[in-house]
Amino acid sequence: MQEVNKEKALVVYSGGQDSTTCLFWALKQFKRVYALTFAYGQKHVKEVEVARKIALKAGVEWEMMDVSFISKLATNSLTDATIEMDKEKPADSFPNTFVPGRNMFFLGIAAVYARERGINHIVTGVGQTDFSGYPDCRDAFIKSLNVTINLAMDEQFVIHTPLMWIDKCETWALADSLGVLDLVRNETLTCYNGVEGDGCGHCPACVLRREGLENYLKQKENHCDYE
Ligand code: ZN
């Protein structure tokens with residue numbers, strides 16, 4: 001077994017609000033941080049460039065991994081330009097923005113990548129509070145996969161999910177406490193229509209992100225009034 005180095009962490013990094021908050025969270029927790037960005041055939045390849053730029057600014061080691069085979073396995077509206085995105089979660093199934101297997105592939109690949117570099121901490125921005133119907137964002141899946149990848153390689157990986165139980169409002173609060181609220185607000189890309197910062201304003205990702213920000217800023221203002 002390779003020597004375990006607790007001082008290093010690998011962040012699965014998309015360049016969006018959640019994983020950027022996790023990137024800066026990891027920088028507070030670990031001495032050396034690596035960021036791995038997956039190109040999975042997403043319509044907005046700009047995401048990769050956004051991730052590269054922020055990783056560079058954060059001073060972490062960054063690499064892009066091409067996993068575009070994922071988009072060939074199954075149809076979804078994030079990789080297929082001919083499909084219109086679901087605005088809401090259908091009552092009886094997943095929204096068509098669901099990319100089947102995505103987090104399983106990402107984390108499995110991240111673990112192999114981490115092992116090569118003697119890293120045993122892996123950080124991902126998934127969470128189940130603003131549950132949008134993605135089964136691979138749930139805590140049970142992450143815990144199960146953690147056991148599986150440990151068994152697969154006889155290693156002791158720890159998958160960290162700092163956002164698992166917090167909502168978008170609290171995610172903004174976390175970014176603020178890490179001193180990166182403005183960076184996350186202005187430079188990340190969460191929008192399904194590929195618009196950086198505050199985004200297009202009307203896609204489901206923008207609506208969720210904006211409502212969280214408005215709630216957080218309101219709370220912050222109210223809190224200041226008490227002082
Ligand atoms: Zn948008």
Side-chain angles (χ1 to χ4, degrees), residues 9-20 22-23 34-48 50-51 62-116 119-155 157-164 189-192 194 203-205 208:
L10 174 67
V11 180
V12 175
Y13 187 49
S14 73
Q17 176 193 355
D18 293 342
S19 63
T20 301
C22 286
L23 185 73
Y34 298 70
L36 186 60
T37 299
F38 292 103
Y40 59 96
Q42 60 269 57
K43 277 184 262 182
H44 303 293
V45 281
K46 207 168 146 193
E47 280 178 23
V48 175
V50 165
W62 178 84
E63 200 167 332
M64 190 269 278
M65 192 64 63
D66 184 355
V67 291
S68 47
F69 69 89
I70 291 176
S71 66
K72 297 188 182 81
L73 291 169
T75 42
N76 69 82
S77 65
L78 290 191
T79 56
D80 189 337
T82 63
I83 302 175
E84 202 188 329
M85 232 174 304
D86 281 338
K87 296 265 184 287
E88 281 166 19
K89 176 182 171 341
D92 54 350
S93 67
F94 312 126
N96 64 12
T97 47
F98 176 55
V99 182
R102 180 169 53 177
N103 285 331
M104 180 179 69
F105 290 125
F106 284 7
L107 289 164
I109 292 166
V112 177
Y113 183 93
R115 185 181 181 278
E116 279 300 300
I119 304 167
N120 79 318
H121 294 275
I122 299 168
V123 183
T124 171
V126 301
Q128 69 174 55
T129 305
D130 293 314
F131 185 53
S132 50
Y134 298 161
D136 59 351
C137 287
R138 291 181 290 195
D139 194 50
F141 162 72
I142 297 295
K143 289 204 164 78
S144 160
L145 186 68
N146 201 152
V147 172
T148 299
I149 60 173
N150 287 353
L151 290 171
M153 290 177 270
D154 196 13
E155 293 283 345
F157 293 108
V158 182
I159 303 181
H160 299 265
T161 52
L163 312 183
M164 182 56 74
L189 173 56
T190 307
C191 173
Y192 286 152
C203 76
L208 193 63

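Computation of the quantities below employed the complete heavy-atom set of this structure, encompassing side-chain atoms and omitting hydrogens, waters and symmetry-equivalent molecules.
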For [X] and [Y], which heavy atoms make the closest approach, and how far apart are they?
X	Y	value
Y192	P204	CD1-CD, 3.9 Å
G125	D18	O-CB, 3.8 Å
R138	M164	C-CE, 3.9 Å
S19	Y13	OG-CD1, 3.3 Å

For [Y], does its backbone N or O pair with a side-chain atom of [X] as donor and acceptor, under 3.5 Å?
X	Y	value
N120	E155	no
T190	Q17	yes
T161	L163	no

Fill in: Close side-chain approach of M65 and F106, heavy atoms under 4.5 Å
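No, too far: nothing below the 4.5 Å cut-off.
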Worksheet item: Step by step, would you call I142 with L107 a side chain to side chain contact (heavy atoms under 4.5 Å, CB included)?
Response: CA-CA 9 Å; I142 297 295; L107 289 164; 3.7 Å; yes
Worksheet item: Going through the checks in order, is the side-chain hydrogen bond (donor to acceptor under 3.5 Å, both in side chains) test met by E63 and Y113?
Response: CA-CA 10 Å; E63 200 167 332; Y113 183 93; 2.8 Å; yes
Practice prompt. Can you spot which of T37, L189, T20 makes a side-chain contact (heavy atoms from CB on, under 4.5 Å) with V50?
Written response: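 It is L189; the other options fail the test.
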Practice prompt. Step by step, work out the side chain to side chain contact (heavy atoms under 4.5 Å, CB included) result for I122 and H160.
Written response: CA-CA 6 Å; I122 299 168; H160 299 265; over 6 Å; no
Fill in: Pairing residues for N150 by the side chain to side chain donor-acceptor pair (under 3.5 Å) criterion, not counting sequence neighbours
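By the side chain to side chain donor-acceptor pair (under 3.5 Å) rule, N150 matches no residue at all.
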Worksheet item: Less than 6.0 Å separating the ring centroids of F69 and F105?
Response: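 So the answer is yes for these two rings.
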